[in-house]
Amino acid sequence: QVQLVESGGGLVQAGGSLRLSCAASGRTSGSYAMGWFRQAPWKEREFVAAISGSGVTTAYADSVKGRFTISRDNTKNAVYLQMTNLKPEDTAVYHCAAARVRSLQVRTHDYNYWGQGTQVTVSS
């Protein structure tokens with residue numbers, strides 16, 4: 001069983017930055033692809049970024065490409081999402097997810113474990 005706990009969310013002004021962290025318990029190191037998804041009020045959960053088990057391959061939603069960076073530290077069982085130049089439309093609850101495969105995954109239903117999420121609010 002894998003448990004995921006996100007942290008690092010908060011309130012920030014437009015143009016600001018935040019770094020989200022996801023701590024994973026259990027044997028995820030290098031064995032699981034990881035991803036970040038977000039869900040805004042009254043909207044479906046959407047893909048933000050993903051990273052392969054080795055950390056070599058990454059993918060991003062078009063809306064965040066060039067502004068967000070996903071990374072992982074397998075020695076710490078942690079995944080990060082560095083967010084820069086934040087916009088009000090980035091406001092959402094951000095969830096970390098783990099998939100029981102090493103290859104990069106971008107679809108919600110490819111992920112097996114989910115964290116409770118951390119709130120990110122960007123004011124204009």
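In this chain, residues are counted from 1 in sequence order.
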Going by disulfide (SG to SG under 2.5 Å), name the pairs with one or both residues in residues 48-81, residues two or more places apart or in two chains. none
Tell me which pairs pass side chain to side chain donor-acceptor pair (under 3.5 Å) where either residue lies in residues 4-14, with sequence neighbours left out. none
Using a 3.5 Å distance criterion without hydrogens, assess whether the side chain of Asp110 forms a donor-acceptor pair with backbone atoms of Gln105. no
Give a yes or no on whether Leu20 and Val2 share a hydrophobic cluster (residues Ile, Leu, Val, Met, Phe, Trp, Tyr; joining criterion: side-chain heavy atoms under 4.5 Å apart). yes
Is it true that Val48 and Val12 fall in one hydrophobic cluster, defined by side-chain heavy atoms closer than 4.5 Å? yes
Cys96 versus Met34: any side-chain heavy-atom pair under 4.5 Å? yes
Could you check if a side-chain atom of Thr84 sits within less than 4.5 angstrom of a side-chain atom of Gln82, using non-hydrogen atoms only? yes
Locate the shortest heavy-atom distance separating Ala33 from Arg72; write the atom from each residue and the value. CA-NH1, 4.1 Å
Which pair of heavy atoms, one from Asn85 and one from Ser17, lies closest together, and at what distance? N-OG, 4.3 Å
Applied to residues 40-61, the salt bridge (Lys or Arg N to Asp or Glu O under 4.0 Å) test, sequence neighbours excluded, yields Arg38-Glu46
For residues Ala59 and Leu104, report the shortest heavy-atom separation together with the two atoms involved. N-CD1, 3.6 Å
Not counting sequence neighbours, list each pair that qualifies as a disulfide (SG to SG under 2.5 Å) and has a residue in residues 46-89. none
State, yes or no, whether a side-chain contact exists between Val79 and Tyr32 at a heavy-atom distance under 4.5 Å. no
Between Asp90 and Lys87, does any NZ, NE, NH1 or NH2 come within less than 4.0 Å of an OD or OE carboxylate oxygen? no
Ala92 and Ala40: which non-hydrogen atoms are nearest, and at how many Å? CB-N, 3.8 Å
Report the distance from atom OG1 of Thr57 to atom CZ of Arg102, rounding to the nearest 0.5 Å. 13.0 Å
Check the hydrophobic clustering (I, L, V, M, F, W, Y; side-chain heavy atoms under 4.5 Å; chains of links allowed) and say if Val101 and Leu4 are grouped together. no
Might you confirm whether atom CD of Gln39 has over 12 heavy atoms from other residues, nucleotides or ligands at distances under 6.0 Å? yes
Would Val93 and Tyr113 show up in the same hydrophobic cluster when neighbours are defined by side-chain heavy atoms closer than 4.5 Å? no
With sequence neighbours left out, which residue pairs that include part of residues 47-92 fulfil the ring-ring contact (aromatic ring centres under 6.0 Å, His included) condition? Phe37-Phe47
Verify, without hydrogens or angle tests, whether Thr121 (side chain) and Thr91 (backbone) share a donor-acceptor contact under 3.5 angstrom. no
Ignoring hydrogens and geometry, is there a side-chain-to-backbone donor-acceptor pair from Ser124 to Pro88 under 3.5 Å? no
Among the clusters formed by ILVMFWY side chains lying less than 4.5 Å apart, do Tyr111 and Trp36 turn up in the same one? no
Disulfide (SG to SG under 2.5 Å) pairs touching residues 50-79, sequence neighbours excluded, are none
More than 12 heavy atoms of other residues, nucleotides or ligands under 6.0 Å from CD of Gln119: yes or no? yes
Over all heavy atoms of both residues, which pair between Val56 and Ser52 is shortest? Give the atoms and the distance, please. N-OG, 3.5 Å
